[in-house]
A.B. asks: 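Pasting in a structure now, in structure tokens, and then I'll have a few things to ask.
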Amino acid sequence: MGKPIKKQTYSKRLVLVSFMFLLPAFLIMTITTIFPVFWNIYLSFHKWNVNSSAKFVGMKNYAKIFTDRAAKSAILNSCYIGVISIIICIVLGMLLALLIYRLGKRESAFFRFIFFCPSMMPMTVIGLLFVFVFAEQEGLLNNILNFIGLSSQTRGWLGGTDTVLKSIAGVAGWKFSGTSMMLFYTAMLGIPQSFFETSKLEGAHFLQDIRYIILPLMKAKIKLVLSLAFIWAFATYDIVLSMTKGGPGDYSTTVPLRMITVGFTFNKFGYAAAMGVILTLIVGSLVIITRFVLRGDTYEY
Amino acid sequence: MNTKRSLNLGNIPVRIVLIFLASVFVFPVIFALNTSFKTLNEFYTSIWALPEHLLFTNYIEAFVTGQIGEYFLNSFFIAVVTLASIQFLALSAAYALSRLKIPGSNYFILGLFLINILPKESIIIPLYITLSKAGIMRIPFIATMLGYIGWSLPGSIIILKNFFETIPAELIEAARIDGSGEVSTMVRIVLPLMKSAMATVMVFNFIFVWGELMWARITTLLTSKGIPLTVGLINFQDQYGTDWPRLTAAVCMVVIPLFLSFIFLQKYFVKGLTSGSVKG
């Protein structure tokens with residue numbers, strides 16, 4: 001008789017203790033994330049500057065985004081930078097990881113460090129560094145082009161309306177490639193060596209190893225890196241602000257920049273909130289689409 | 001592993017490609033470092049030349065006049081407090097989720113994952129309004145740090161929870177039978193096994209906290225106190241424009257401590273990633 005009762009009080013105590021362990025983290029997440037997200041959705045249906053009370057306007061804020069030229073171009077710029085930088089991040093990251101994987105663990109530590117460096121550096125710092133690299137007269141890139149005899153290719157990279165987005169996207173992709181390299185490389189380390197011994201016996205070379213062993217086994221990791229990359233690549237505030245401040249004109253203004261201007265300079269918080277929701281929907285649907293495309297078996301090994 | 005392969009001569013082309021790529025990666029930083037020791041005149045005479053002598057005036061100038069020193073201390077303070085809080089809160093939450101078996105914890109994890117991938121753009125405006133209505137915006141540091149802690153928790157909890165589950169349950173059961181309480185089990189038995197996972201979380205969070213700009217800029221709009229490095233660098237850029245030697249000195253001052261700390265942590269970081277606790 002005594003035993004089950006005792007057990008029950010024990011597990012009740014256990015549940016209570018776990019809630020106490022969980023509560024502080026949960027409270028802070030509620031204040032800083034969960035509550036603001038819902039309020040943001042609520043705000044996006046209202047017209048509100050801090051001083052007056054919020055007025056319900058229905059879908060008006062959203063309708064305005066699709067007629068406002070500045071907002072539309074900000075969305076397009078965000079998507080352009082996002083997509084290009086993700087492609088660079090994944091392809092370059094995978095290439096670096098494969099190359100490093102060919103070397104021994106000790107030797108690779110050096111290269112790992114070098115390639116991870118840009119991912120460690122704050123985006124703002126990278127931005128400033130590349131303003132310097134891309135500068136028209138004294139910039140590193142133009143001077144290298146002059147040096148190797150490609151003077152015709154030199155230009156003001158961040159001042160030209162046709163090159164500014166490409167330059168920003170390239171720098172962003174380059175920065176992210178460090179983290180994706182790290183995640184891909186550590187996933188490759190987990191593949192049992194016996195797989196490669198078998199394929200060697202069957203006469204496969206490294207490219208076939210990549211195609212038939214490494215890539216299929218890394219599908220789960222690729223999915224993870226892609227999801228992460230979508231989040232990084234659409235958070236463009238720091239890189240754009242440090243590199244161009246949205247210029248020339250607003251040729252490189254992205255959604256976060258536009259949103260902050262609309263909210264904090266023009267005091268249109270409802271409209272800014274609607275932009276935030278649109279950006280979330282874009283990122284969210286892209287993540288869902290990639291997860292759907294890459295669905296199917298992932299292998300346990 | 002792989003010791004045999006590292007001696008393979010067939011890897012020489014791989015090494016050549018890697019060395020080329022590595023030099024492309026480091027060149028901008030080396031170039032900036034080189035420029036940071038030059039005077040403006042020296043720089044415009046020849047951008048390639050090495051500095052005539054090791055000149056620290058740019059650093060001193062950036063540190064004192066450009067207030068980079070003050071910003072640096074602010075960022076350091078923010079990083080220490082947020083990282084310690086995140087580690088403490090995330091560890092106890094992850095421990096609760098993986099060991100103490102709360103009903104419905106799977107849904108909770110799913111929720112954390114969704115929160116984690118939410119763009120900050122859909123959070124900052126209401127959060128700013130809430131905190132400024134509560135009067136917190138006028139106190140330096142608090143609002144900035146609160147955002148960082150809250151946003152880093154979901155990802156940290158997921159990584160730590162995945163790692164907790166690799167620790168054998170028998171170990172904890174044995175401690176329980178020996179009469180060890182929950183807190184002392186966690187501190188004395190579980191934590192020493194968690195070094196690599198904690199290092200992984202710490203590196204990710206440090207990179208985020210040290211480099212965040214948008215929230216830092218908004219929360220310091222109305223104050224001149226508690227401005228972190230990223231915001232300070234933007235101010236510095238506005239102030240000095242294209243004075244490259246000075247600007248690169250500021251950049252180097254931010255970057256070098258980061259590199260040093262990573263060299264220190266790399267071993268644990270890679271171990272943490274390899275253990276498979278970072279998964280989707």
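Just so we're on the same page: letters track the sequence lines, and every chain starts at 1. The figures that follow rest on heavy atoms only: side chains count, while hydrogens, waters and symmetry mates do not.
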A.B. asks: Where does A:V37 contact chain B at under 4.5 Å (heavy atoms): side chain, backbone, both or neither?
C.D. replies: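 Both parts, backbone and side chain.
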A.B. asks: Could you walk me through whether A:L99 and B:L21 pass side-chain contact (heavy atoms from CB on, under 4.5 Å), step by step?
C.D. replies: CA-CA 11 Å; A:L99 286 170; B:L21 285 172; 3.9 Å; yes
A.B. asks: If you look at every heavy atom in B:P119 and A:T280, which pair is closest and at what distance?
C.D. replies: CD-CG2, 3.7 Å
A.B. asks: Tell me, for A:S227 versus chain B, whether the close heavy atoms (under 4.5 Å) come from the side chain, the backbone, both or neither.
C.D. replies: neither
A.B. asks: Give, as side chain, backbone, both or neither, the part of A:A273 having an atom under 4.5 angstrom from any heavy atom of chain B.
C.D. replies: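 Only the backbone of A:A273 comes within 4.5 Å of chain B.
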A.B. asks: Nearest heavy-atom pair of B:G150 and A:M29: which atoms, and what distance?
C.D. replies: O-CG, 3.9 Å
A.B. asks: Compare all side-chain heavy atoms of B:V255 with those of A:L129 and state whether any distance is below 4.5 angstrom.
C.D. replies: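 SC-SC contact between B:V255 and A:L129 ruled out.
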A.B. asks: Which region of A:I239, side chain (C-beta onward) or backbone (N, CA, C, O), has a non-hydrogen atom less than 4.5 Å from a non-hydrogen atom of chain B, or is it both or neither?
C.D. replies: neither
A.B. asks: Can you name the closest pair of heavy atoms from B:A93 and A:A25 and give their distance?
C.D. replies: CB-CB, 3.9 Å
A.B. asks: Mind checking whether A:F264 and B:Y128 have parallel, tilted or perpendicular rings, split at 30° and 60°?
C.D. replies: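 A:F264 and B:Y128: perpendicular rings.
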A.B. asks: Please work out whether the ring planes of B:F25 and A:W174 are parallel, tilted or perpendicular, with thresholds of 30° and 60°.
C.D. replies: tilted
A.B. asks: With a 4.5 angstrom heavy-atom cut-off, could you sort out which part of A:I100 is near chain B: side chain, backbone, both or neither?
C.D. replies: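 Both the backbone and the side chain of A:I100 come within 4.5 Å of chain B.
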A.B. asks: Quick one: what part of A:F111 sits under 4.5 Å from any heavy atom of chain B, side chain, backbone, both or neither?
C.D. replies: side chain
A.B. asks: For A:T124 versus B:G211, what's the shortest heavy-atom pair and its separation?
C.D. replies: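 Nearest pair, atom of A:T124 first, then B:G211: OG1-O, 4.1 Å.
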A.B. asks: Ignoring hydrogens, what is the shortest heavy-atom contact between A:S18 and B:A96? Give both atom names and the distance.
C.D. replies: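 Result for this residue pair: O-CB, 3.5 Å.
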A.B. asks: Measure A:P24 against the heavy atoms of chain B and call it side chain, backbone, both or neither at under 4.5 Å.
C.D. replies: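 For A:P24, heavy atoms of backbone and side chain both lie under 4.5 Å from chain B.
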A.B. asks: Is there a side-chain contact between B:V251 and A:M121 in this structure, where contact means two heavy atoms from C-beta onward sitting under 4.5 Å apart?
C.D. replies: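 No, too far: nothing below the 4.5 Å cut-off.
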A.B. asks: Can you give me the closest heavy-atom contact between B:L127 and A:I31, atom names plus distance?
C.D. replies: CD1-O, 3.7 Å
A.B. asks: From A:Y271 OH over to B:I125 CD1, what is the distance, rounded to the nearest 0.5 angstrom?
C.D. replies: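 Between A:Y271 OH and B:I125 CD1, I get 12.0 Å after rounding to 0.5 Å.
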A.B. asks: At a heavy-atom distance under 4.5 Å, which candidate from B:I149, B:L118, B:V26, B:I86 has the highest pair count against chain A?
C.D. replies: B:L118
A.B. asks: Heavy-atom pairs under 4.5 Å with chain B are the metric here; pick the option from A:T179, A:T33, A:L43 that has the most.
C.D. replies: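 The residue among A:T179, A:T33, A:L43 with the greatest pair count is A:T33.
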A.B. asks: Is the B:F31 ring parallel, tilted or perpendicular to the A:F132 ring (thresholds 30°, 60°)?
C.D. replies: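 Geometry flag for A:F132 against B:F31: parallel rings.
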A.B. asks: Under a 4.5 Å heavy-atom cut-off, does chain B meet the side chain of A:I260, its backbone, both or neither?
C.D. replies: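 For A:I260, the side chain is the part near chain B, not the backbone.
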A.B. asks: Could you look at A:I41 and say if it's the side chain, the backbone, both or neither that has a heavy atom under 4.5 Å from chain B?
C.D. replies: neither
A.B. asks: Side chain, backbone, both or neither: which part of A:V131 has a non-hydrogen atom closer than 4.5 Å to chain B?
C.D. replies: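 Both the backbone and the side chain of A:V131 come within 4.5 Å of chain B.
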A.B. asks: Are the side chains of A:K245 and B:Q237 in contact, using a 4.5 Å heavy-atom criterion?
C.D. replies: yes
A.B. asks: Output the option from A:S108, A:A109, A:G263, A:G178 having the highest count of non-hydrogen pairs under 4.5 Å with chain B.
C.D. replies: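 Top count of heavy-atom pairs under 4.5 Å with chain B: A:A109.
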A.B. asks: Taking the side chain as every heavy atom from C-beta outward, state whether B:M253 and A:V125 have any pair of such atoms under 4.5 Å apart.
C.D. replies: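 Sidechains of A:V125 and B:M253: no contact.
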A.B. asks: Using non-hydrogen atoms and a 4.5 Å limit, figure out which bit of A:W48 sits close to chain B: side chain, backbone, both or neither.
C.D. replies: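 Just its side chain gets close to chain B.
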A.B. asks: Which atoms of B:I218 are under 4.5 Å from chain A, going by heavy atoms: the side chain, the backbone, both sets, or neither?
C.D. replies: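 Just the side chain, heavy atoms under 4.5 Å.
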A.B. asks: Is any side-chain heavy atom of A:D238 closer than 4.5 Å to one of B:T230?
C.D. replies: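 Not touching, per the 4.5 Å side-chain cut-off.
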A.B. asks: May I ask you to name which of A:L128, A:V255, A:L98 has the most heavy-atom pairs under 4.5 Å with chain B?
C.D. replies: A:L128
A.B. asks: Under 4.5 Å heavy-atom distance to chain A, tell me which part of B:L221 shows up: side chain, backbone, both or neither.
C.D. replies: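 For B:L221, the contact with chain A is made by the side chain alone.
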A.B. asks: Could I get the full list of ring-ring contact (aromatic ring centres under 6.0 Å, His included) partners for A:F230, not counting sequence neighbours?
C.D. replies: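 A:F230 satisfies ring-ring contact (aromatic ring centres under 6.0 Å, His included) with no residue once adjacent residues are dropped.
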A.B. asks: For B:I124, which atoms come within 4.5 Å of any heavy atom of chain A: side chain, backbone, both, or neither?
C.D. replies: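 When you check distances to chain A, only side chain atoms of B:I124 fall under 4.5 Å.
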A.B. asks: Answer with side chain, backbone, both or neither: which region of B:T35 has an atom nearer than 4.5 Å to a non-hydrogen atom of chain A?
C.D. replies: side chain
A.B. asks: Once you round to the nearest 0.5 Å, how far does CD1 of B:I115 lie from CD1 of A:I34?
C.D. replies: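 CD1 of A:I34 is found 4.0 Å from CD1 of B:I115.
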A.B. asks: Specify which of A:I28, A:L95, A:L92, A:L241 makes the most heavy-atom pairs with chain B at under 4.5 Å.
C.D. replies: A:L241
A.B. asks: Should B:I234 and A:S242 be marked as a side-chain contact (heavy atoms from CB on, under 4.5 Å) after you check the CA-CA gap, both sets of side-chain angles, and the distance that decides it?
C.D. replies: CA-CA 7 Å; B:I234 295 286; A:S242 60; 3.8 Å; yes
A.B. asks: Let me know if A:F38 has heavy atoms under 4.5 Å from chain B in its side chain, its backbone, both or neither.
C.D. replies: neither
A.B. asks: How many angstroms lie between atom CZ of A:F26 and atom CG of B:L112, to the nearest 0.5 angstrom?
C.D. replies: 9.0 Å
A.B. asks: B:K120 versus A:Y237: any side-chain heavy-atom pair under 4.5 Å?
C.D. replies: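 Of all side-chain heavy-atom pairs linking A:Y237 with B:K120, none is under 4.5 Å.
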A.B. asks: Nearest 0.5 Å, please: how far is CD1 in A:I288 from CD1 in B:I117?
C.D. replies: 7.5 Å
A.B. asks: Measuring heavy-atom distances to chain A, does B:I157 have an atom under 4.5 Å in its side chain, in its backbone, in both, or in neither?
C.D. replies: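 Answer is side chain: those atoms of B:I157 sit under 4.5 Å from chain A.
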A.B. asks: Side-chain contact test, heavy atoms from C-beta onward, threshold under 4.5 Å: evaluate it for A:W39 versus B:I129 and give yes or no.
C.D. replies: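 They are in contact (side-chain heavy atoms under 4.5 Å apart), so the answer is yes.
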A.B. asks: Does any heavy atom of chain B fall under 4.5 Å from the side chain of A:I231, the backbone, both, or neither of them?
C.D. replies: side chain
A.B. asks: Counting heavy-atom pairs under 4.5 Å with chain A, which one of B:F259, B:F27, B:F43, B:W210 comes out on top?
C.D. replies: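 Winner by heavy-atom pair count: B:F259.
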A.B. asks: Could you measure the distance from the CG atom of B:L18 to the CG atom of A:L96? Nearest 0.5 Å is fine.
C.D. replies: 7.5 Å
A.B. asks: With a 4.5 angstrom heavy-atom cut-off, is it the side chain or the backbone of B:F108 that approaches chain A, or both, or neither?
C.D. replies: side chain
A.B. asks: Return the OG1 to CD distance between A:T236 and B:E121, rounded to the nearest 0.5 Å.
C.D. replies: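 Output value for this atom pair is 7.0 Å.
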A.B. asks: With chain B as the partner, which of A:V17, A:I126, A:T32, A:V287 has the greatest number of non-hydrogen pairs under 4.5 Å?
C.D. replies: A:T32
A.B. asks: Examine whether an atom of A:F116 lies under 4.5 Å from a heavy atom of chain B, and if so say whether it belongs to the side chain, the backbone or both; otherwise answer neither.
C.D. replies: side chain
